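Per chain, numbering begins at 1; letters A, B, ... match sequence-line order. In this text, all values refer to a predicted model and were calculated from it rather than measured experimentally.
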There are 2 protein chains.
Amino acid sequence: MRDAIATQERLLLAARRRFADQGFELTTVREIADDAGVNVALISRYFGGKEDLFARAVAIDLQLPDLSAVPQEQIGARLVEHFFRRWEGEPADDLLRVLVRTAATHPAAAARVADIFDSQVRPLVAMLAGDGEAAQRASLVATQVLGLAYCRYVLSLKSNELTRASTHRMIGETIQRYLFAPLAA
Amino acid sequence: MRDAIATQERLLLAARRRFADQGFELTTVREIADDAGVNVALISRYFGGKEDLFARAVAIDLQLPDLSAVPQEQIGARLVEHFFRRWEGEPADDLLRVLVRTAATHPAAAARVADIFDSQVRPLVAMLAGDGEAAQRASLVATQVLGLAYCRYVLSLKSNELTRASTHRMIGETIQRYLFAPLAA
DNA sequence: CTCATAAGTCAACAGGGGTTTACATGGAGG
DNA sequence: CCTCCATGTAAACCCCTGTTGACTTATGAG
(Lines give C-alpha, C1' and ligand atoms only; values in the text may rest on other atoms or scores of the structure.)
Protein backbone atom coordinates (compact mmCIF):
# COMPACT_ATOMS: atom_id res chain seq x y z
CA MET A 1 0.00 0.00 0.00
CA ARG A 2 2.62 2.50 1.03
CA ASP A 3 5.03 2.67 -1.87
CA ALA A 4 7.11 5.82 -2.21
CA ILE A 5 8.26 5.06 -5.73
CA ALA A 6 4.76 4.36 -6.99
CA THR A 7 3.58 7.58 -5.38
CA GLN A 8 6.30 9.56 -7.11
CA GLU A 9 5.34 8.05 -10.43
CA ARG A 10 1.69 8.89 -9.91
CA LEU A 11 2.71 12.45 -9.15
CA LEU A 12 4.87 12.65 -12.27
CA LEU A 13 2.07 11.32 -14.43
CA ALA A 14 -0.49 13.73 -13.02
CA ALA A 15 1.99 16.58 -13.30
CA ARG A 16 2.66 15.91 -16.99
CA ARG A 17 -1.03 15.84 -17.74
CA ARG A 18 -1.73 19.08 -15.95
CA PHE A 19 1.31 20.87 -17.32
CA ALA A 20 0.44 19.66 -20.83
CA ASP A 21 -3.13 20.93 -20.52
CA GLN A 22 -2.66 24.16 -18.61
CA GLY A 23 0.99 25.11 -18.70
CA PHE A 24 3.21 25.61 -15.71
CA GLU A 25 1.84 28.73 -14.08
CA LEU A 26 -1.84 27.80 -14.14
CA THR A 27 -1.20 24.41 -12.62
CA THR A 28 -1.25 24.26 -8.84
CA VAL A 29 0.51 21.65 -6.78
CA ARG A 30 -2.77 20.91 -5.04
CA GLU A 31 -4.38 19.95 -8.34
CA ILE A 32 -1.53 17.61 -9.13
CA ALA A 33 -1.67 16.04 -5.70
CA ASP A 34 -5.43 15.58 -5.90
CA ASP A 35 -5.17 13.98 -9.34
CA ALA A 36 -2.55 11.61 -8.00
CA GLY A 37 -4.60 10.95 -4.89
CA VAL A 38 -1.84 11.93 -2.51
CA ASN A 39 -1.13 14.74 -0.13
CA VAL A 40 0.27 18.05 -1.35
CA ALA A 41 3.17 18.07 1.02
CA LEU A 42 4.63 15.02 -0.66
CA ILE A 43 5.55 17.07 -3.71
CA SER A 44 7.93 19.15 -1.69
CA ARG A 45 9.13 16.10 0.18
CA TYR A 46 9.86 13.95 -2.84
CA PHE A 47 10.88 16.45 -5.49
CA GLY A 48 11.91 19.55 -3.56
CA GLY A 49 9.17 21.76 -4.90
CA LYS A 50 7.02 22.59 -7.90
CA GLU A 51 9.96 23.68 -10.02
CA ASP A 52 11.83 20.47 -9.42
CA LEU A 53 8.78 18.38 -10.16
CA PHE A 54 8.45 20.28 -13.40
CA ALA A 55 12.09 19.69 -14.30
CA ARG A 56 11.55 15.99 -13.78
CA ALA A 57 8.33 16.07 -15.80
CA VAL A 58 10.05 17.56 -18.86
CA ALA A 59 13.12 15.34 -18.83
CA ILE A 60 12.01 13.83 -22.10
CA ASP A 61 13.57 11.76 -24.83
CA LEU A 62 12.32 12.16 -28.39
CA GLN A 63 13.02 8.48 -29.15
CA LEU A 64 13.83 9.30 -32.73
CA PRO A 65 13.55 6.24 -34.95
CA ASP A 66 16.44 4.42 -36.55
CA LEU A 67 16.54 5.59 -40.15
CA SER A 68 19.64 3.71 -41.32
CA ALA A 69 17.64 1.21 -43.36
CA VAL A 70 15.11 3.69 -44.79
CA PRO A 71 15.56 4.75 -48.41
CA GLN A 72 16.47 8.42 -48.57
CA GLU A 73 13.39 9.43 -50.52
CA GLN A 74 11.09 8.09 -47.78
CA ILE A 75 12.75 9.70 -44.79
CA GLY A 76 10.54 12.79 -44.64
CA ALA A 77 7.37 10.72 -44.69
CA ARG A 78 8.79 8.35 -42.13
CA LEU A 79 9.65 11.14 -39.71
CA VAL A 80 6.21 12.70 -39.96
CA GLU A 81 4.63 9.31 -39.37
CA HIS A 82 6.80 8.84 -36.31
CA PHE A 83 5.77 12.17 -34.86
CA PHE A 84 2.08 11.62 -35.41
CA ARG A 85 2.38 8.31 -33.63
CA ARG A 86 4.20 9.95 -30.79
CA TRP A 87 1.60 12.69 -30.45
CA GLU A 88 -1.47 10.61 -30.78
CA GLY A 89 -0.30 7.32 -29.38
CA GLU A 90 -2.39 5.32 -26.96
CA PRO A 91 -2.29 5.97 -24.14
CA ALA A 92 -2.17 9.68 -24.89
CA ASP A 93 1.44 10.69 -24.56
CA ASP A 94 1.76 14.07 -22.92
CA LEU A 95 5.52 14.02 -23.07
CA LEU A 96 5.84 16.28 -26.08
CA ARG A 97 2.73 18.35 -25.56
CA VAL A 98 3.92 19.48 -22.17
CA LEU A 99 7.15 20.72 -23.71
CA VAL A 100 5.65 22.68 -26.57
CA ARG A 101 3.07 24.30 -24.35
CA THR A 102 5.24 25.20 -21.40
CA ALA A 103 8.25 26.28 -23.44
CA ALA A 104 6.27 29.35 -24.40
CA THR A 105 6.50 30.77 -20.90
CA HIS A 106 8.85 28.69 -18.80
CA PRO A 107 12.60 29.18 -19.34
CA ALA A 108 13.48 25.69 -18.14
CA ALA A 109 11.18 24.13 -20.72
CA ALA A 110 12.49 26.40 -23.46
CA ALA A 111 16.02 25.40 -22.53
CA ARG A 112 14.99 21.78 -22.64
CA VAL A 113 13.63 22.22 -26.16
CA ALA A 114 16.85 23.86 -27.28
CA ASP A 115 18.77 21.06 -25.66
CA ILE A 116 16.74 18.36 -27.39
CA PHE A 117 17.25 20.19 -30.63
CA ASP A 118 21.03 20.23 -30.17
CA SER A 119 21.48 16.76 -28.79
CA GLN A 120 18.91 14.76 -30.73
CA VAL A 121 17.58 16.52 -33.83
CA ARG A 122 20.73 18.13 -35.16
CA PRO A 123 22.88 15.00 -34.94
CA LEU A 124 20.23 13.03 -36.78
CA VAL A 125 20.06 15.65 -39.50
CA ALA A 126 23.85 15.75 -39.67
CA MET A 127 23.91 12.02 -40.20
CA LEU A 128 21.28 12.22 -42.93
CA ALA A 129 22.34 15.33 -44.80
CA GLY A 130 25.96 15.93 -43.89
CA ASP A 131 27.55 18.13 -41.26
CA GLY A 132 27.93 21.34 -43.20
CA GLU A 133 24.36 22.55 -43.33
CA ALA A 134 22.99 20.38 -40.54
CA ALA A 135 22.21 23.22 -38.14
CA GLN A 136 20.22 25.18 -40.63
CA ARG A 137 18.39 22.19 -42.04
CA ALA A 138 17.53 21.04 -38.54
CA SER A 139 16.17 24.51 -37.77
CA LEU A 140 13.93 24.38 -40.80
CA VAL A 141 12.64 20.97 -39.80
CA ALA A 142 12.03 22.25 -36.28
CA THR A 143 9.92 25.17 -37.50
CA GLN A 144 7.63 22.85 -39.42
CA VAL A 145 7.34 20.08 -36.85
CA LEU A 146 6.90 22.40 -33.88
CA GLY A 147 4.45 24.49 -35.87
CA LEU A 148 2.38 21.42 -36.60
CA ALA A 149 2.46 20.42 -32.95
CA TYR A 150 1.63 23.93 -31.82
CA CYS A 151 -1.38 24.22 -34.11
CA ARG A 152 -2.79 20.76 -33.49
CA TYR A 153 -1.97 19.95 -29.90
CA VAL A 154 -1.58 23.30 -28.21
CA LEU A 155 -4.06 25.51 -30.02
CA SER A 156 -6.28 22.62 -31.15
CA LEU A 157 -6.96 24.15 -34.54
CA LYS A 158 -8.94 21.26 -35.89
CA SER A 159 -9.62 22.58 -39.34
CA ASN A 160 -7.81 19.77 -41.09
CA GLU A 161 -9.00 16.85 -39.05
CA LEU A 162 -10.70 15.22 -41.99
CA THR A 163 -7.76 14.99 -44.30
CA ARG A 164 -4.94 13.72 -42.22
CA ALA A 165 -3.61 11.57 -45.01
CA SER A 166 -2.79 14.47 -47.26
CA THR A 167 -1.55 16.55 -44.34
CA HIS A 168 0.86 13.70 -43.75
CA ARG A 169 1.95 13.74 -47.33
CA MET A 170 2.33 17.50 -47.74
CA ILE A 171 4.31 17.94 -44.57
CA GLY A 172 6.39 14.86 -45.25
CA GLU A 173 7.44 16.43 -48.53
CA THR A 174 8.35 19.63 -46.75
CA ILE A 175 10.57 17.76 -44.31
CA GLN A 176 12.12 15.93 -47.20
CA ARG A 177 12.93 19.25 -48.91
CA TYR A 178 14.36 20.74 -45.73
CA LEU A 179 16.61 17.74 -45.32
CA PHE A 180 17.88 17.24 -48.84
CA ALA A 181 17.00 20.04 -51.25
CA PRO A 182 19.76 22.54 -52.11
CA LEU A 183 19.88 25.52 -49.77
CA ALA A 184 21.21 27.94 -52.36
CA ALA A 185 21.12 31.49 -51.07
CA MET B 1 -0.76 66.61 -18.44
CA ARG B 2 -3.80 64.65 -17.28
CA ASP B 3 -4.98 62.78 -20.33
CA ALA B 4 -7.04 59.66 -19.77
CA ILE B 5 -6.75 58.47 -23.36
CA ALA B 6 -2.99 58.86 -23.48
CA THR B 7 -2.76 56.99 -20.18
CA GLN B 8 -4.80 54.12 -21.54
CA GLU B 9 -2.58 53.91 -24.58
CA ARG B 10 0.55 53.88 -22.46
CA LEU B 11 -0.98 51.03 -20.48
CA LEU B 12 -1.85 49.09 -23.61
CA LEU B 13 1.64 49.51 -25.00
CA ALA B 14 3.30 48.40 -21.79
CA ALA B 15 0.86 45.51 -21.49
CA ARG B 16 1.63 44.21 -24.98
CA ARG B 17 5.34 44.33 -24.31
CA ARG B 18 5.07 42.48 -21.03
CA PHE B 19 2.59 39.92 -22.31
CA ALA B 20 4.77 39.33 -25.37
CA ASP B 21 7.86 38.79 -23.24
CA GLN B 22 6.44 36.87 -20.30
CA GLY B 23 3.02 35.60 -21.20
CA PHE B 24 -0.18 36.39 -19.36
CA GLU B 25 0.25 34.64 -16.05
CA LEU B 26 3.77 35.81 -15.27
CA THR B 27 2.91 39.42 -15.96
CA THR B 28 1.63 41.42 -13.00
CA VAL B 29 -0.54 44.48 -13.30
CA ARG B 30 1.93 46.32 -11.10
CA GLU B 31 4.70 45.75 -13.64
CA ILE B 32 2.53 47.06 -16.43
CA ALA B 33 1.53 50.10 -14.42
CA ASP B 34 5.14 50.83 -13.48
CA ASP B 35 6.28 50.51 -17.08
CA ALA B 36 3.57 52.91 -18.12
CA GLY B 37 4.38 55.23 -15.25
CA VAL B 38 0.88 55.26 -13.86
CA ASN B 39 -0.90 53.92 -10.83
CA VAL B 40 -1.99 50.29 -10.67
CA ALA B 41 -5.57 51.09 -9.79
CA LEU B 42 -6.06 52.74 -13.16
CA ILE B 43 -5.95 49.37 -14.89
CA SER B 44 -9.07 48.28 -13.08
CA ARG B 45 -10.62 51.69 -13.53
CA TYR B 46 -10.02 52.02 -17.25
CA PHE B 47 -10.22 48.44 -18.48
CA GLY B 48 -12.12 46.58 -15.79
CA GLY B 49 -9.25 44.32 -14.80
CA LYS B 50 -6.27 42.40 -16.01
CA GLU B 51 -8.33 40.07 -18.20
CA ASP B 52 -10.02 42.94 -19.98
CA LEU B 53 -6.73 44.73 -20.52
CA PHE B 54 -5.42 41.54 -22.05
CA ALA B 55 -8.42 41.21 -24.34
CA ARG B 56 -7.79 44.73 -25.58
CA ALA B 57 -4.09 44.03 -25.99
CA VAL B 58 -4.67 41.06 -28.29
CA ALA B 59 -7.32 42.67 -30.49
CA ILE B 60 -4.95 42.48 -33.41
CA ASP B 61 -5.19 42.77 -37.17
CA LEU B 62 -2.75 40.83 -39.35
CA GLN B 63 -2.77 43.56 -42.00
CA LEU B 64 -2.27 41.00 -44.74
CA PRO B 65 -0.89 42.56 -47.91
CA ASP B 66 -2.79 43.05 -51.12
CA LEU B 67 -1.70 40.25 -53.44
CA SER B 68 -3.94 40.95 -56.41
CA ALA B 69 -1.12 42.32 -58.53
CA VAL B 70 1.49 39.75 -57.51
CA PRO B 71 2.32 36.98 -60.00
CA GLN B 72 1.17 33.64 -58.66
CA GLU B 73 4.62 32.12 -58.57
CA GLN B 74 5.88 34.85 -56.23
CA ILE B 75 3.10 34.77 -53.68
CA GLY B 76 4.79 32.41 -51.23
CA ALA B 77 7.95 34.48 -51.13
CA ARG B 78 5.92 37.65 -50.81
CA LEU B 79 3.97 36.36 -47.82
CA VAL B 80 7.10 35.24 -46.01
CA GLU B 81 8.67 38.61 -46.64
CA HIS B 82 5.60 40.30 -45.26
CA PHE B 83 5.68 38.27 -42.09
CA PHE B 84 9.35 38.85 -41.46
CA ARG B 85 8.77 42.56 -41.79
CA ARG B 86 5.87 42.34 -39.41
CA TRP B 87 7.89 40.42 -36.83
CA GLU B 88 11.08 42.37 -36.99
CA GLY B 89 9.78 45.77 -37.95
CA GLU B 90 11.05 48.91 -36.29
CA PRO B 91 9.85 49.75 -33.77
CA ALA B 92 9.62 46.16 -32.58
CA ASP B 93 6.06 45.09 -33.15
CA ASP B 94 4.84 42.97 -30.26
CA LEU B 95 1.42 42.53 -31.77
CA LEU B 96 2.00 39.06 -33.13
CA ARG B 97 4.49 37.85 -30.59
CA VAL B 98 2.05 38.44 -27.79
CA LEU B 99 -0.50 36.26 -29.54
CA VAL B 100 1.75 33.31 -30.30
CA ARG B 101 3.19 33.29 -26.81
CA THR B 102 0.03 33.75 -24.81
CA ALA B 103 -2.13 31.48 -26.98
CA ALA B 104 -0.22 28.57 -25.50
CA THR B 105 -1.84 29.05 -22.13
CA HIS B 106 -4.61 31.63 -22.35
CA PRO B 107 -7.92 30.55 -23.89
CA ALA B 108 -8.84 34.06 -24.98
CA ALA B 109 -5.62 34.38 -26.96
CA ALA B 110 -6.04 30.93 -28.49
CA ALA B 111 -9.56 31.88 -29.52
CA ARG B 112 -8.23 35.07 -31.03
CA VAL B 113 -5.72 33.10 -33.10
CA ALA B 114 -8.46 30.78 -34.33
CA ASP B 115 -10.59 33.79 -35.14
CA ILE B 116 -7.80 35.50 -37.09
CA PHE B 117 -7.27 32.26 -38.95
CA ASP B 118 -10.94 32.06 -39.94
CA SER B 119 -11.54 35.68 -40.73
CA GLN B 120 -8.25 36.73 -42.30
CA VAL B 121 -6.06 33.84 -43.40
CA ARG B 122 -8.64 31.45 -44.81
CA PRO B 123 -10.41 34.05 -46.96
CA LEU B 124 -7.08 35.12 -48.43
CA VAL B 125 -6.18 31.53 -49.22
CA ALA B 126 -9.63 30.96 -50.68
CA MET B 127 -9.12 33.92 -52.96
CA LEU B 128 -5.72 32.67 -54.06
CA ALA B 129 -6.34 28.96 -54.39
CA GLY B 130 -10.08 28.52 -54.72
CA ASP B 131 -12.73 27.76 -52.12
CA GLY B 132 -12.67 23.99 -52.20
CA GLU B 133 -9.46 23.23 -50.41
CA ALA B 134 -8.98 26.62 -48.78
CA ALA B 135 -9.42 25.44 -45.21
CA GLN B 136 -6.87 22.72 -45.47
CA ARG B 137 -4.36 24.79 -47.40
CA ALA B 138 -4.72 27.61 -44.90
CA SER B 139 -4.09 25.13 -42.07
CA LEU B 140 -0.90 23.97 -43.71
CA VAL B 141 0.27 27.54 -44.13
CA ALA B 142 -0.57 28.24 -40.51
CA THR B 143 1.53 25.34 -39.26
CA GLN B 144 4.59 26.61 -41.08
CA VAL B 145 4.19 30.29 -40.32
CA LEU B 146 3.28 29.82 -36.67
CA GLY B 147 6.08 27.28 -36.31
CA LEU B 148 8.57 29.77 -37.66
CA ALA B 149 7.27 32.43 -35.30
CA TYR B 150 7.27 30.05 -32.37
CA CYS B 151 10.87 28.97 -32.94
CA ARG B 152 12.29 32.40 -33.64
CA TYR B 153 10.32 34.81 -31.52
CA VAL B 154 8.99 32.72 -28.67
CA LEU B 155 11.72 30.17 -28.10
CA SER B 156 14.47 32.33 -29.62
CA LEU B 157 16.18 29.38 -31.29
CA LYS B 158 18.80 31.41 -33.09
CA SER B 159 20.55 28.59 -34.90
CA ASN B 160 19.80 29.98 -38.32
CA GLU B 161 20.44 33.63 -37.71
CA LEU B 162 23.27 33.79 -40.22
CA THR B 163 21.41 32.54 -43.23
CA ARG B 164 18.16 34.38 -43.24
CA ALA B 165 18.16 34.72 -47.00
CA SER B 166 17.91 31.01 -47.62
CA THR B 167 15.50 30.54 -44.73
CA HIS B 168 13.33 33.06 -46.55
CA ARG B 169 13.63 31.12 -49.76
CA MET B 170 13.06 27.64 -48.36
CA ILE B 171 10.02 28.65 -46.36
CA GLY B 172 8.65 30.75 -49.18
CA GLU B 173 8.73 27.67 -51.39
CA THR B 174 6.91 25.70 -48.72
CA ILE B 175 4.15 28.29 -48.52
CA GLN B 176 3.94 28.28 -52.28
CA ARG B 177 3.48 24.50 -52.27
CA TYR B 178 0.86 24.62 -49.55
CA LEU B 179 -1.08 27.21 -51.55
CA PHE B 180 -0.91 25.76 -55.03
CA ALA B 181 0.48 22.23 -55.21
CA PRO B 182 -1.99 19.38 -55.66
CA LEU B 183 -3.26 17.95 -52.38
CA ALA B 184 -3.79 14.43 -53.70
CA ALA B 185 -4.61 12.04 -50.90
C1' DC C 1 4.33 -8.32 20.05
C1' DT C 2 7.24 -4.01 19.87
C1' DC C 3 8.92 -0.34 18.15
C1' DA C 4 11.88 2.25 14.98
C1' DT C 5 11.40 4.30 10.73
C1' DA C 6 9.62 5.33 6.36
C1' DA C 7 5.26 7.13 4.44
C1' DG C 8 1.69 10.10 4.67
C1' DT C 9 -1.36 13.90 6.89
C1' DC C 10 -2.70 18.32 8.74
C1' DA C 11 -2.70 23.00 9.68
C1' DA C 12 -0.48 27.08 9.63
C1' DC C 13 2.60 30.50 7.52
C1' DA C 14 4.44 33.94 4.46
C1' DG C 15 4.37 36.08 0.19
C1' DG C 16 2.32 37.88 -3.81
C1' DG C 17 -1.48 38.69 -6.71
C1' DG C 18 -5.71 41.41 -8.48
C1' DT C 19 -9.04 44.40 -6.92
C1' DT C 20 -11.51 47.98 -4.19
C1' DT C 21 -12.28 51.76 -1.40
C1' DA C 22 -11.52 56.16 0.38
C1' DC C 23 -8.82 60.13 -0.41
C1' DA C 24 -5.99 63.86 -2.97
C1' DT C 25 -5.29 66.82 -6.95
C1' DG C 26 -5.49 69.46 -11.06
C1' DG C 27 -7.90 72.07 -14.55
C1' DA C 28 -11.78 74.02 -16.89
C1' DG C 29 -16.33 76.69 -16.36
C1' DG C 30 -19.00 79.92 -13.61
C1' DC D 1 -11.15 83.21 -7.40
C1' DC D 2 -13.95 79.24 -6.43
C1' DT D 3 -16.04 74.95 -7.30
C1' DC D 4 -16.85 70.59 -9.27
C1' DC D 5 -15.62 66.51 -11.56
C1' DA D 6 -12.50 63.73 -14.08
C1' DT D 7 -7.97 62.09 -13.18
C1' DG D 8 -4.71 60.04 -10.34
C1' DT D 9 -2.94 58.14 -5.69
C1' DA D 10 -2.29 55.34 -1.51
C1' DA D 11 -3.35 51.79 1.31
C1' DA D 12 -5.75 48.08 2.62
C1' DC D 13 -8.29 43.84 1.60
C1' DC D 14 -8.87 39.11 0.49
C1' DC D 15 -7.89 35.13 -1.79
C1' DC D 16 -4.74 31.79 -3.61
C1' DT D 17 -0.33 29.49 -3.83
C1' DG D 18 3.97 27.07 -2.53
C1' DT D 19 6.17 25.59 1.36
C1' DT D 20 7.19 23.98 6.05
C1' DG D 21 7.21 21.67 10.54
C1' DA D 22 4.95 19.00 13.82
C1' DC D 23 2.13 15.13 14.05
C1' DT D 24 0.04 10.36 12.91
C1' DT D 25 -0.01 5.87 10.86
C1' DA D 26 1.47 1.78 8.58
C1' DT D 27 4.98 -1.73 7.92
C1' DG D 28 8.54 -4.87 8.58
C1' DA D 29 12.61 -6.42 11.32
C1' DG D 30 13.97 -8.37 15.71
Test your reading of the model: is there a side-chain donor-acceptor pair from [X] to the backbone of [Y], 3.5 Å cut-off?
| X | Y | value |
| --- | --- | --- |
| A:H168 | A:R164 | yes |
| A:R16 | A:L95 | no |
| A:R18 | A:T27 | no |
| A:Q176 | A:Q72 | yes |

How many whole angstroms separate atom [atom1] of [X] from atom [atom2] of [N]?
| X | N | atom1 | atom2 | value |
| --- | --- | --- | --- | --- |
| A:F24 | D:dG18 | CZ | P | 8 Å |
| A:R45 | D:dG21 | CZ | P | 12 Å |
| A:D52 | D:dT19 | CG | P | 8 Å |
| B:L42 | C:dG18 | CG | C1' | 14 Å |
| B:K50 | C:dG17 | NZ | P | 9 Å |
| A:N39 | D:dA22 | CG | P | 17 Å |
| A:L11 | C:dT9 | CG | P | 11 Å |
| B:D3 | D:dC5 | CG | P | 21 Å |

Select base, sugar-phosphate, or nothing to describe what A:A4 touches, counting heavy atoms under 4.0 Å on all strands. sugar-phosphate
Tell me what B:F47 touches on the nucleic acid: a base, only sugar-phosphate, or nothing, going by heavy atoms under 4.0 Å. nothing
Which of these nucleotides, [options], is closest to any side-chain atom of [X]?
| X | options | answer |
| --- | --- | --- |
| A:S44 | D:dT9, C:dA7, D:dT19 | D:dT19 |
| B:R2 | C:dG26, C:dT20, C:dG8 | C:dG26 |
| B:A41 | C:dG8, D:dG18, D:dT9 | D:dT9 |

Side-chain N or O of B:T7 versus OP1/OP2 of D:dT7: is the shortest distance under 4.0 Å? no
Reckon B:T28 has a side-chain N or O less than 4.0 Å from the OP1 or OP2 of C:dG16? no
With no hydrogens and no angle check, do the side chains of B:R177 and A:T174 hold a donor and an acceptor under 3.5 Å apart? yes
Test for a donor-acceptor pair under 3.5 Å between the base of D:dG18 and the side chain of A:R30, counting only N and O atoms. yes
